[in-house]
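Below you'll find the structure, written out as structure tokens, and then a few comments.
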Amino acid sequence: MTLILTAEIMGEMSSFQLGVIGALFLSVASSVSIVICNKALMSNLGFPFATTLTSWHLMVTFCTLHAAQRLNLFVTKSIDMKTVMLFGILNGVSIGFLNLSLGFNSIGFYQMTKLAIIPFTVLLETIFLKKQFSQKIKFSLFLLLVGVAIASVTDLQLNFVGTVLSILAIITTCVGQILTNTIQKKLNVSSTQLLYQSAPFQAAILFVTGPLVDQMLTKQNVFAYKYSPLVLAFIILSCLIAVSVNFSTFLVIGKTSPVTYQVLGHLKTCLVLGFGYTLLHDPFTGRNIIGILVAILGMGLYSYFCTEENKKKQLASDLPLASQVKDKESSPLLAGKNMGNQNEENHEAKKLNKDSAI
């Protein structure tokens with residue numbers, strides 16, 4: 001019996017790990033693809049309206065999920081409307097702040113803003129959710145951040161408005177990602193169900209504010225832009241890839257944690273730098289190579305330490321259950337008594353059913 005229980009537990013752990021690996025792979029593949037697509041759209045084809053494009057991404061995501069729901073590919077679950085609305089608006093606002101931060105700051109300061117999300121998320125989870133991070137995990141995260149900083153941060157130009165926007169972007173992004181994980185676990189909803197419920201509110205807030213934000217940053221009007229067939233083709237491709245990006249984002253955060261999702265985000269940064277050099281012939285220096293190698297080392301250590309700690313937690317939680325099974329196996333009289341009680345209850349149930357039938 002104990003061996004059977006252990007085998008079942010190991011099987012559940014293996015299937016869960018496969019699900020996590022699949023979610024991580026989908027997130028990396030779709031995110032790198034959309035970065036390359038959007039870079040071609042914005043840099044080569046001259047379409048600079050990033051915030052408006054994000055609102056279209058979310059609208060297409062909602063329409064895709066709605067079609068999937070109508071085809072019974074997943075079941076919707078009712079979530080408190082106020083919770084979903086505030087959650088959707090918060091995520092939409094965080095995207096707007098990140099785009100504004102990029103517009104009002106140098107590239108280097110924007111990269112520092114993204115790097116600051118991990119330590120701030122760790123701080124929030126420690127204070128409000130009482131989550132504990134070991135020294136090994138903290139060291140691996142520190143190594144990762146140093147590596148990404150070496151690889152991607154070049155110039156640091158500070159200004160008051162840009163700094164305020166960066167702080168707001170960090171706060172809203174961290175809170176939004178922590179809520180993505182918390183809502184899924186506390187309300188027992190899947191990533192698909194939560195995304196389906198919140199995507200309309202995210203799309204709505206960005207659809208209204210997106211053109212204004214983009215006009216402020218680019219001095220151009222998205223509605224006055226002349227759309228060529230090639231631009232439209234890349235916009236459609238970007239929206240289709242975005243469905244996978246949005247779905248995998250909620251899936252990864254739900255299955256792992258906001259911190260792990262941010263670590264994955266920095267892996268994407270390293271991959272984008274590599275693809276930019278090989279495919280788009282972007283400049284690449286020894287500093288980029290050293291930074292990427294240090295970042296990969298940090299990611300590897302983070303993955304290893306997380307796996308080891310999860311195994312220890314799983315074993316610790318399974319020990320009491322295994323000992324209970326062992327106690328039952330070593331008490332045949334108790335087991336016989338329980339079987340006798342169950343037989344008596346079955347006889348009583350049959351008797352009741354017979355009496356009610358009469």
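As the structure is a computational prediction, the values presented were derived from the model and not from experiment.
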Does any part of the side chain of [Y], heavy atoms only, come nearer than 4.5 Å to the side chain of [X], both counted from C-beta?
| X | Y | value |
| --- | --- | --- |
| Tyr302 | Cys306 | yes |
| Val231 | Ser228 | yes |
| Gln177 | Asn181 | no |
| Phe87 | Asn91 | yes |
| Glu125 | Val259 | yes |
| Phe250 | Ser198 | yes |
| Asp214 | Pro48 | no |

Parallel, tilted or perpendicular: ring planes of Tyr225 versus Tyr227, cut at 30 and 60 degrees: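 The rings of Tyr225 and Tyr227 stand perpendicular, inter-plane angle above 60°.
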Criterion side-chain contact (heavy atoms from CB on, under 4.5 Å) on Ile296 and Ile292, from CA distance to verdict: CA-CA 6 Å; Ile296 290 173; Ile292 288 174; 3.7 Å; yes
Co-members of the apolar cluster containing Val60 [side chain, <4.5 Å]: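 Its cluster partners, ordered by chain and number, are Val243.
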Modelled atom types, side-chain donor and acceptor of [X] and [Y], under 3.5 Å:
| X | Y | result |
| --- | --- | --- |
| Ser31 | Lys268 | yes |
| Asn288 | Thr285 | yes |
| Thr61 | Tyr196 | no |
| Asn105 | Thr113 | no |
| Glu309 | Ser134 | yes |
| Ser55 | Thr52 | no |

Whether the side chain of [X] engages the backbone of [Y] through a donor-acceptor N/O pair (distance < 3.5 Å, no angle test) should be reported.
| X | Y | answer |
| --- | --- | --- |
| Arg287 | Ile150 | yes |
| Ser27 | Ala23 | no |
| Thr269 | Gly265 | yes |
| Ser43 | Ala40 | no |
| Thr260 | Thr256 | no |

Counting only heavy atoms from other residues, nucleotides and ligands, does the tally under 6.0 Å from [atom1] of [X] exceed 12?
| X | atom1 | value |
| --- | --- | --- |
| Phe128 | CZ | no |
| Phe133 | CZ | yes |
| Lys186 | NZ | no |

Closest non-hydrogen atom pair between Gln262 and Lys114, with its separation: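 So the two residues come closest at OE1-O, 4.3 Å.
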Leu115 and His266: CA distance, side-chain angles, deciding distance, side-chain contact (heavy atoms from CB on, under 4.5 Å) verdict: CA-CA 8 Å; Leu115 291 176; His266 293 305; 3.4 Å; yes
